[in-house]
Protein chains: 4
Amino acid sequence: MARSVNKVVLIGNLGDDPELRYTGSGTAVCNMSLATNESYTNSDGEEVQQTEWHDVVAWGRLGEVCNEYLERGSQVYFEGKIETNQWEDQDGNTRYSTEVKALEATFLGEGPDGAVPGGGQPAQGQSPAPSQRRAGGQGGASGGGPPSQSGGDGQPGSDETFEPDDDLPF
Amino acid sequence: MARSVNKVVLIGNLGDDPELRYTGSGTAVCNMSLATNESYTNSDGEEVQQTEWHDVVAWGRLGEVCNEYLERGSQVYFEGKIETNQWEDQDGNTRYSTEVKALEATFLGEGPDGAVPGGGQPAQGQSPAPSQRRAGGQGGASGGGPPSQSGGDGQPGSDETFEPDDDLPF
Amino acid sequence: MARSVNKVVLIGNLGDDPELRYTGSGTAVCNMSLATNESYTNSDGEEVQQTEWHDVVAWGRLGEVCNEYLERGSQVYFEGKIETNQWEDQDGNTRYSTEVKALEATFLGEGPDGAVPGGGQPAQGQSPAPSQRRAGGQGGASGGGPPSQSGGDGQPGSDETFEPDDDLPF
Amino acid sequence: MARSVNKVVLIGNLGDDPELRYTGSGTAVCNMSLATNESYTNSDGEEVQQTEWHDVVAWGRLGEVCNEYLERGSQVYFEGKIETNQWEDQDGNTRYSTEVKALEATFLGEGPDGAVPGGGQPAQGQSPAPSQRRAGGQGGASGGGPPSQSGGDGQPGSDETFEPDDDLPF
DNA sequence: TTTT
DNA sequence: TTTT
């Protein structure tokens, strides 16, 4: 049995609007770049701000909901797990990029135009089977991910064709 | 004010013995490679095992304690935060490597020779000021870190000269 | 929308064997008493041990699995949420008892007779709709719960009639 | 060694203004009542809202900071541990009340008059030695705590004499 | 009532 | 590279 736990809790602000794509099989993938901030006083007595940038990815319905309700600057709580993807750069070197796969989200600020999701529990997403997971598609956040060719492994124009459901499940 | 949270909880097993070094200023740095496992049943009904490898770094006293009580195979609970370091590879490209900075540890299995720490709370570490943090020195774990020149920014022979305290504070 | 998070992470040891019952509608309920320990050195330099006892309840399949694989002394990781139930004592006073509703469990030690669950992810449970939740049935752990009449709101003899599945899903 | 973890993460809103008292030895104690909300759809298709009330206590500087920057309705993140206190009611019965001892707080909304704490990390508190802990003083939140005689074990008028520091450490 |  |  897996005697393991891999859990992440983040509260921060998005550095940019979410980027939604769809995989070839039609699964939504939402990439976000989240900043967490910490400050400390250095030896000269000056306050120094330290920002950590996190690549966050949300799959499926959770990804669509994030894309709809979050935007650059939004404050959000994510719960998820750490995943490191392996890929090859153009020189054939094995490279790694680490991201947080969001499994739950709680929106702490208002969305665009004051829109706010309408109901209950934290948003929860489904994700593809782990085997489907592979490197690619980091929306553009920091973190050393592979080159993000827009719509890389998804269908084109996904963002535009996204139709928000009227009955949000949360 | 920082309205941020950056928290990680891991339970897993070490893939190798911890590697302890000391920085030039004498701060202990312990690098560990931790596996978390998950399995799922694929569409063919076969159970597939998925392993995630985490670069974990513990600073100061916590690092020394980890080095003393943990070894390849040890099961351990870590609590900490995600940190992504930036560095340059030999071609001058900016690269990133992500690790978990451990702030607390709880040893869930026995240490070498059945040794077990002797007291109370979860082990806690101190760390250098964030400004001191920079890329370099990932002990050799996976994750695409910078080339680990042994003893890179520390004094030589640190591991050997380490003298465990008789009065462990935990 | 609920902009809330209610999350608990515990690692500790069971003070007694789990107690499994079934509700009238056939849902399994497993009550456990979990100790977490902390020690500190007081002003006289003596080490003082502090134990915190937690009432943990697991519903459904997760409860059955806990009942099968855990016993007095078992070390276990629980993740769940805090719930406070309201009830009336025999004098008609409103009383409260707080418990942790387990949503995930990871077994950190061996079970009875060295038995160990056989597969993947942390065990996960389903629970009844929150509306079904009410005070009652705390297995006998500390915490000021209501008087625990055996089989209080379940069918009689549940524990004895429990038939473990042959195909554990985890 | 304590191989234990006792950790709570809450995001919710205060149901009332914080209540600050001081113990006889001058330690600040801030009691708060925090609501976390969850909603679900029942079998009739109606959305039902479920609110969980948490007694949260913050000691020392953290308590003072909470008292200064939080008020009824404030959204806040708390991280801490579960503690169950034992006490005797007027009939001599042993009673228990459970609360969350906050160890860190992150303020997610603005404070009174738009005031916002001025710096870096999540607020952190110190607490008295565990031996000092005993039942008493739940500020008035739900949870079945002991009768809260105002100023129970503290000095009188603490709240009024509270002088906020000019140099907030966070 | 556990564990170390 | 771990663990089950």
Side-chain angles (χ1 to χ4, degrees), chain A residues 1-6 84, chain B residues 10-19 31-39 47-56 69-78 106-111 114-123 138-143 168 170, chain C residues 10-19 31-39 47-56 69-78 106-111 114-123 138-143 168 170, chain D residues 1-6 84:
Chain A
M1 153 185 213
R3 307 187 167 198
S4 290
V5 173
N6 173 0
T84 296
Chain B
L10 299 174
I11 295 178
N13 298 275
L14 293 194
D16 214 336
D17 290 340
E19 297 191 11
N31 287 283
M32 292 164 283
S33 185
L34 185 83
T36 55
N37 301 285
E38 214 174 317
S39 69
E47 190 172 316
V48 181
Q49 166 118 352
Q50 197 93 6
T51 297
E52 201 70 41
W53 287 100
H54 308 267
D55 287 339
V56 178
Y69 289 102
L70 297 176
E71 62 181 352
R72 176 192 182 105
S74 296
Q75 189 184 35
V76 59
Y77 166 95
F78 284 121
T106 295
F107 305 146
L108 301 171
E110 303 199 343
V116 158
Q121 282 81 347
Q138 271 77 0
S142 73
L168 284 173
F170 73 109
Chain C
L10 299 174
I11 294 178
N13 298 276
L14 294 193
D16 215 336
D17 291 340
E19 296 191 12
N31 287 282
M32 292 163 282
S33 185
L34 185 83
T36 55
N37 301 285
E38 215 175 315
S39 70
E47 190 173 314
V48 181
Q49 166 120 353
Q50 198 94 4
T51 297
E52 201 70 40
W53 287 99
H54 307 268
D55 286 340
V56 178
Y69 289 102
L70 298 175
E71 62 181 352
R72 176 193 183 107
S74 296
Q75 189 184 36
V76 59
Y77 166 95
F78 284 122
T106 294
F107 306 145
L108 301 171
E110 303 199 344
V116 156
Q121 282 80 350
Q138 271 77 358
S142 73
L168 283 172
F170 71 107
Chain D
M1 154 187 213
R3 308 188 166 195
S4 289
V5 172
N6 174 0
T84 297

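Proteins come first, then strands; the chains are lettered A, B, ... in the order of their sequence lines, and each starts at number 1. We use all heavy atoms of the structure for the numbers below, so side chains are in, but hydrogens, waters and symmetry mates are not.
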Specify the separation, in whole Å, of atom [atom1] of [X] and atom [atom2] of [N].
| X | N | atom1 | atom2 | result |
| --- | --- | --- | --- | --- |
| C:Q75 | E:dT2 | CD | C1' | 11 Å |
| C:L108 | F:dT4 | CG | P | 12 Å |
| C:E52 | E:dT4 | CD | P | 19 Å |
| C:I11 | E:dT2 | CD1 | C1' | 15 Å |
| C:F107 | F:dT3 | CZ | C1' | 16 Å |
| C:E38 | E:dT4 | CD | P | 18 Å |
| B:W53 | F:dT3 | CH2 | P | 9 Å |
| C:L70 | E:dT2 | CG | P | 16 Å |

Consider the side chain of [X], meaning its heavy atoms from C-beta on, and name the nucleotide among [options] that approaches it most closely.
| X | options | answer |
| --- | --- | --- |
| B:N37 | F:dT3, F:dT1, E:dT2 | F:dT3 |
| C:R72 | E:dT3, F:dT2, E:dT1 | E:dT1 |
| C:Q49 | E:dT3, F:dT2, E:dT1 | E:dT3 |

Check your understanding: At under 4.0 Å, does any side-chain N or O of D:R3 touch on OP1 or OP2 of E:dT3?
Key ->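 No, D:R3 has no side-chain N/O under 4.0 Å of OP1/OP2 on E:dT3.
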**Study point:** Sole residue of C:N31, C:V76, C:L34 in side chain to side chain contact (heavy atoms under 4.5 Å, CB included) with C:V56
**Key:**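 With C:V56 as partner, C:N31, C:V76, C:L34 yield a single side chain to side chain contact (heavy atoms under 4.5 Å, CB included), made by C:L34.
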Review point. Could a donor-acceptor pair under 3.5 angstrom be found where the side chain of C:S33 meets the base of E:dT2?
Key: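 For C:S33, whose side chain was compared with the base of E:dT2, there is no donor-acceptor pair (under 3.5 Å).
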**Study point:** Closest non-hydrogen atom pair, C:P18 against C:L70
**Key:**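 So the two residues come closest at CD-O, 3.4 Å.
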**Study point:** Considering all heavy atoms, the nearest C:L108-A:R3 contact
**Key:**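 Answer, listing the atom of C:L108 first, then A:R3: O-NH1, 3.5 Å.
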Practice item. Examine distances only and state if a side-chain atom of B:Q75 and a backbone atom of B:I11 form a donor-acceptor pair shorter than 3.5 Å. Key: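 Here the side-chain-to-backbone pair does not exist.
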